[in-house]
Amino acid sequence: MVTDFPTLIYLVVTGMTLVELLGGIIKQERIYFWFLTLRIWTCLAGVLFIAFSVNRPPLFGPFEASIYIVFIMGILARIFQQAQGRQPGFSLFSSLVVLVILLFQMGKPMGLNEDYFMYGNLWVILFFNFRLLAAAFLAHGASQYLGHLFAPIYEQEKTDLLLLAGRNTLLAGAGLYLVSEWAGSMWCLNWFGDSWQWSRGFFKASILFLLIMTACHLPPGFSRSRVARGISGTLPGMFILWMIFYH
């Protein structure tokens with residue numbers, strides 16, 4: 001059986017993520033960072049394949065969405081740890097979240113989406129692409145909050161760093177998702193003559209923003225609980241991934 005290029009990219013990235021996760025578990029930093037870097041470059045090859053094949057950035061679908069989200073998450077993980085030093089708890093959960101995203105797409109068709117004429121519209125491209133960017137940021141933020149939740153209690157400095165970084169990442173993800181919704185409203189205006197209308201999509205977007213704001217504005221009683229902080233910071237990433245892959 002001949003394996004097509006998108007499936008090959010998917011399988012290679014999944015394998016690299018497994019080794020990357022193993023390197024984090026056995027505390028081999030060199031293995032972890034080598035395979036994190038290789039994963040980023042392999043995902044970049046997938047993104048470039050999409051761009052040159054259909055003359056647009058990734059938009060949606062098992063292959064396009066998962067490879068693009070994993071690509072951005074890899075870059076964010078690399079930048080974060082390069083600036084702040086390696087964070088063992090974060091690195092484990094970052095690799096684990098990436099692996100979960102990939103494994104949940106296993107068995108699904110790994111191909112490019114049909115190039116409908118509307119995908120040449122700028123507002124359509126911005127709407128779908130910024131949703132994927134927001135998902136990558138929110139999933140990255142979830143990894144930071146999980147690292148904060150499970151960090152040793154005596155490493156207060158690291159837990160505080162992960163909490164602050166996670167909060168900032170959620171806010172950046174909210175901004176990116178807002179750009180996506182704004183582009184979607186312009187798309188709606190140009191195509192249907194109405195810039196905004198209540199729908200299931202806007203309802204889910206409202207839930208996402210409420211989850212982000214809840215994580216950033218916990219009441220004093222909950223904000224003192226590491227479990228409450230960790231769970232609340234993880235929910236936006238989980239919710240947007242469900243929206244993209246299972247809505």
Side-chain angles (χ1 to χ4, degrees), residues 6 43-44 46-76 79 101 104-105 108-142 166-217 233-247:
C43 287
L44 176 61
V47 172
L48 291 175
F49 171 75
I50 296 167
F52 284 108
S53 297
V54 289
N55 298 314
R56 58 166 174 75
L59 299 182
F60 68 93
F63 174 69
E64 294 188 27
S66 61
I67 291 300
Y68 191 54
I69 290 172
V70 167
F71 171 56
I72 300 299
M73 286 183 67
I75 293 175
L76 293 174
I79 292 174
I101 292 172
F104 271 111
Q105 306 315 307
K108 296 184 178 180
M110 290 295 157
L112 304 182
N113 299 305
E114 293 187 30
D115 196 21
Y116 295 113
F117 70 95
M118 72 176 184
Y119 297 149
N121 184 282
L122 176 62
W123 300 117
V124 176
I125 292 173
L126 290 176
F127 171 71
F128 283 110
N129 190 255
F130 270 81
R131 284 183 86 217
L132 299 184
L133 278 174
F137 270 75
L138 296 178
H140 175 70
R167 180 179 179 276
N168 291 339
T169 303
L170 292 191
L171 292 174
L176 290 169
Y177 196 79
L178 188 60
V179 172
S180 171
E181 291 297 291
W182 169 74
S185 71
M186 297 301 294
W187 170 24
C188 191
L189 175 65
N190 291 336
W191 286 62
F192 302 109
D194 188 354
S195 60
W196 191 93
Q197 54 183 325
W198 188 255
S199 64
R200 288 183 298 174
F202 278 112
F203 177 67
K204 288 181 286 189
S206 300
I207 293 176
L208 180 62
F209 280 112
L210 285 174
L211 289 174
I212 295 171
M213 292 303 106
T214 299
C216 295
H217 299 88
T234 305
L235 288 177
M238 295 173 59
F239 187 76
I240 193 171
L241 291 174
W242 171 80
M243 284 176 58
I244 288 174
F245 292 113
Y246 297 101
H247 71 93

Output for pair (Ile212 CD1, Leu178 CG), nearest 0.5 Å, gives 10.0 Å
Per side-chain contact (heavy atoms from CB on, under 4.5 Å), Phe137 is matched among Ile69, Asn168, Leu176 by Leu176
**Asked** Crowded around Met238 CE? As in, over 12 foreign heavy atoms under 6.0 Å?
**Response** no
Q | Full working for side-chain contact (heavy atoms from CB on, under 4.5 Å) between Met213 and Leu171 | A | CA-CA 9 Å; Met213 292 303 106; Leu171 292 174; 4.1 Å; yes
All heavy atoms of Pro57 vs all of Glu64, minimum pair found to be O-OE1, 4.4 Å
Open item on the list: Aromatic contact between Phe209 and Tyr177, with the criterion being ring centroids under 6.0 Å apart: yes or no?
Closed with: yes
Considering residues, nucleotides and ligands other than Phe52, do more than 12 of their heavy atoms fall under 6.0 Å from its CZ?
no
So does Phe104 have more than 12 non-hydrogen atoms from other groups sitting under 6.0 Å from CZ?
no
CG (Leu112) and OG (Ser53) are apart, to the nearest 0.5 Å, by 5.5 Å
For Ala215 and Leu170 the tightest heavy-atom approach is CB-CD1, 3.8 Å
Those residues at least two apart in sequence (or on a different chain) that pass side-chain hydrogen bond (donor to acceptor under 3.5 Å, both in side chains) with Thr169 are Gln144
So CG of Leu138 and CE of Met73: to nearest 0.5 Å the spacing works out to 10.5 Å
Is there a side-chain contact between Ile240 and Lys204 in this structure, where contact means two heavy atoms from C-beta onward sitting under 4.5 Å apart? no
Of all heavy-atom pairs linking Leu210 and Thr214, the shortest is O-OG1, 2.7 Å
When every non-hydrogen atom of Pro6 is compared with those of Met110, the smallest separation belongs to CB-O, 3.2 Å
Heavy-atom nearest pair, Gly173 first then Ala134, reads O-CB, 3.6 Å
What one should report as the nearest heavy-atom pair of Ala135 and Ile244 is CB-CD1, 3.4 Å
If you look only at distance, which donor and acceptor atoms sit under 3.5 Å apart when one is on a side chain in residues 125-132 and the other is two or more places apart or in another chain?
unit_1	atom_1	unit_2	atom_2	d
Asn129	OD1	Tyr68	OH	3.4
Asn129	ND2	Pro58	O	3.0

